[in-house]
2 protein chains.
Amino acid sequence: MKGCVQCAVRMNTILAGLTPEELAEVEELLVHQQLKKGEVIFCEGEKMHGSYIVKSGAVKLYKRSREGERQILRVLKEGEIAGLCALRAKSNYGHTAETMEKSILCYLNKNKLDKLLSLNEDLSSKFLKVLADEIDRAYEKIYLLGTKSAKEKMANFLMSLAAGKDEPVEDGIELRLAMSRDDIADMLGISTETAIRVLSEFKDKDLISGQGKYLIIDDVDELEKVD
Amino acid sequence: MKGCVQCAVRMNTILAGLTPEELAEVEELLVHQQLKKGEVIFCEGEKMHGSYIVKSGAVKLYKRSREGERQILRVLKEGEIAGLCALRAKSNYGHTAETMEKSILCYLNKNKLDKLLSLNEDLSSKFLKVLADEIDRAYEKIYLLGTKSAKEKMANFLMSLAAGKDEPVEDGIELRLAMSRDDIADMLGISTETAIRVLSEFKDKDLISGQGKYLIIDDVDELEKVD
DNA sequence: CGCTATATTGAAAGCGGTCAATGCCTGTGG
DNA sequence: CCACAGGCATTGACCGCTTTCAATATAGCG
């Protein structure tokens, strides 16, 4: 468990910045979990019991219909939190969370989280910012899904991945997609085939190159103008 | 200004439940505004300065692209809050807010709101719940936009309006849409013509009746099963 | 009472989805 | 080490839903 506190301090999570006493408190609240790729952390409709800080790896949040249609709502990376709905009054998870690769998570029990929040107003303030940021991100996604074509969605997706990198490789921006074509399609609200076709078209037009999970953006300017 | 405090108490807002002293505090923070239909409260990209509680009327939040495509993110009714992004670190509104009818708003300056939040942990807790609820709502919308057909979106929209009413009129549920076909289309991420055509089809199939802003859901069960 | 915005309908074109076949890549067992 | 199975990626053909463009109809408003 000591490791959890260590990681809370080192990591760029909302828990960073707590006082030593608070961390001692936190120590009792955190539970480490190591999960393999493809494991379900919690499931839509399941009774809600807490949140999970992603310490390493990646987690996708999604909803699925009875017919199997799936929409990926969000991909969480290191330092982000799954199950924020633990802060709500309602008591069931509204979506499913699943690891996309081997991941380490810190579990925060809801009751203890609530207690911690009521003790520490600075932590509340941080959570408010995290939630408000998440709303903004969600609004942006609603906008993209509601108004953009498949090509525009894909271009936007590739550029959002590129935004993380500040080291433009010699000729372009190198990306490694940590997900399948299927996942990409379900993030963008298009079919897998369309996703693949759009990528192929981008390659034909020399906007991108590479293959499989390793892609290179060769022409950012043109990608921005896709139409 | 006294009226603001009165309304804060009476209204079902997050400000309800504050102690008398806190309300006295709030009194200085609130500013009333009466706006006509179609007035812009704040604009995407504009420097952020505060939030607005909707006291009466309705407010739509939307984003718009350079080409004029518009996506309505959310419609706020009495008691809800526009400009929640005031809680974030970033300093610009991420979307535009505009009244959909004559509305009364209470303005909450950001700095004072922050102060109030730091003074009152219960208020922080309420805001956390409001924000978490909003995230859930946004996720649901992402799911609908990403996976559903025009008909399904419309059916879902009509039923969500019906959900507010508990008095099923003799033969069906009476709805009065407080918005144009254009607005509906931009909420669902479809074209105006498609929105109208879907409504016409529903009428042909006797799922709904009525015209203009007054519609009646005649067959909820069938509407739920729409394709 | 005309004017302008909104609502409605038609026809044609295009984007994206579905179905189907094939290729590719990896892990596994013989 | 190789063959094979299963999953993922890719491409083609075709179809249907949505959009777009255009023409009216209708309604709210000054």
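FYI, side chains are in, hydrogens and waters are out, and symmetry mates aren't considered; it's all heavy atoms of this structure. Here is the naming used below: chain letters follow the sequence lines, and residue numbers restart at 1 for every chain.
- Just one residue in the list B:Glu134, B:Gln71, B:Arg74 forms a side-chain hydrogen bond (donor to acceptor under 3.5 Å, both in side chains) with A:Tyr139, and that residue is B:Glu134.
- Between A:Lys77 and A:Val54, the closest side-chain pair of non-hydrogen atoms is not below 4.5 Å.
- In this structure, A:Glu201 atom CD and D:dT11 atom C1' are separated by 14 Å, rounded to whole Å.
- Side-chain N/O atoms of A:Ser191 include one lying less than 4.0 angstrom from OP1 or OP2 on C:dG17.
- When the C1' atom of C:dG16 is taken as reference, atom CG of A:Leu199 falls 15 Å away, rounded to whole Å.
- As judged by a 4.0 angstrom heavy-atom cut-off over every strand, B:Thr192 is placed among residues making no nucleic acid contact.
- Rounded to whole angstrom, the span from the NZ atom of A:Lys148 across to the C1' atom of D:dT19 amounts to 16 Å.
- Between the two ends of the helix from C:dC1-D:dG30 to C:dG30-D:dC1, each summarised by a five-pair axis, the helix axis turns through 40° (rounded to 10 degrees).
- Two rings, from A:Tyr107 and A:His49, have their centers less than 6.0 Å apart.
- Using a 4.5 Å cut-off on side-chain heavy atoms (C-beta onward), B:Leu61 and B:Ile72 make no contact.
- For B:Ser180 and C:dT6, the shortest distance from a side-chain N or O to OP1 or OP2 is not below 4.0 Å.
- Dashed line: the shortest gap from a side-chain N or O of B:Ser200 to OP1 or OP2 of C:dT9 is under 4.0 Å.
- Put simply, CZ on A:Arg197 is 15 Å from P on C:dA21, counting in whole angstrom units.
- Atom CZ of B:Arg181 and atom P of C:dT9 are 10 Å apart (whole Å).
- In this entry the distance linking NZ of B:Lys153 with P of D:dT18 reads 8 Å, nearest Å.
- Separation of the A:His95 and B:Tyr143 ring centroids does not fall under the 6.0 Å cut-off.
- Dashed line: the shortest gap from a side-chain N or O of B:Lys213 to OP1 or OP2 of C:dA7 is under 4.0 Å.
- Residue-to-nucleotide contacts include a donor-acceptor pair under 3.5 Å from the side chain of B:Glu193 to the base of D:dC21.
- Backbone-only engagement by A:Ser149 is indicated by non-hydrogen atom pairs under 4.0 Å involving sugar-phosphate atoms exclusively.
- Between A:Arg64 and A:Arg70, the closest side-chain pair of non-hydrogen atoms falls below 4.5 Å.
- With contacts defined as side-chain heavy-atom distances shorter than 4.5 Å, the pair B:Tyr52/B:Val59 does not qualify.
- To the nearest angstrom, P of C:dG16 lies 8 Å from CG of A:Asp227.
- Atom CD1 in A:Ile190 sits roughly 16 Å away from atom C1' in D:dT18 (whole-Å rounding).
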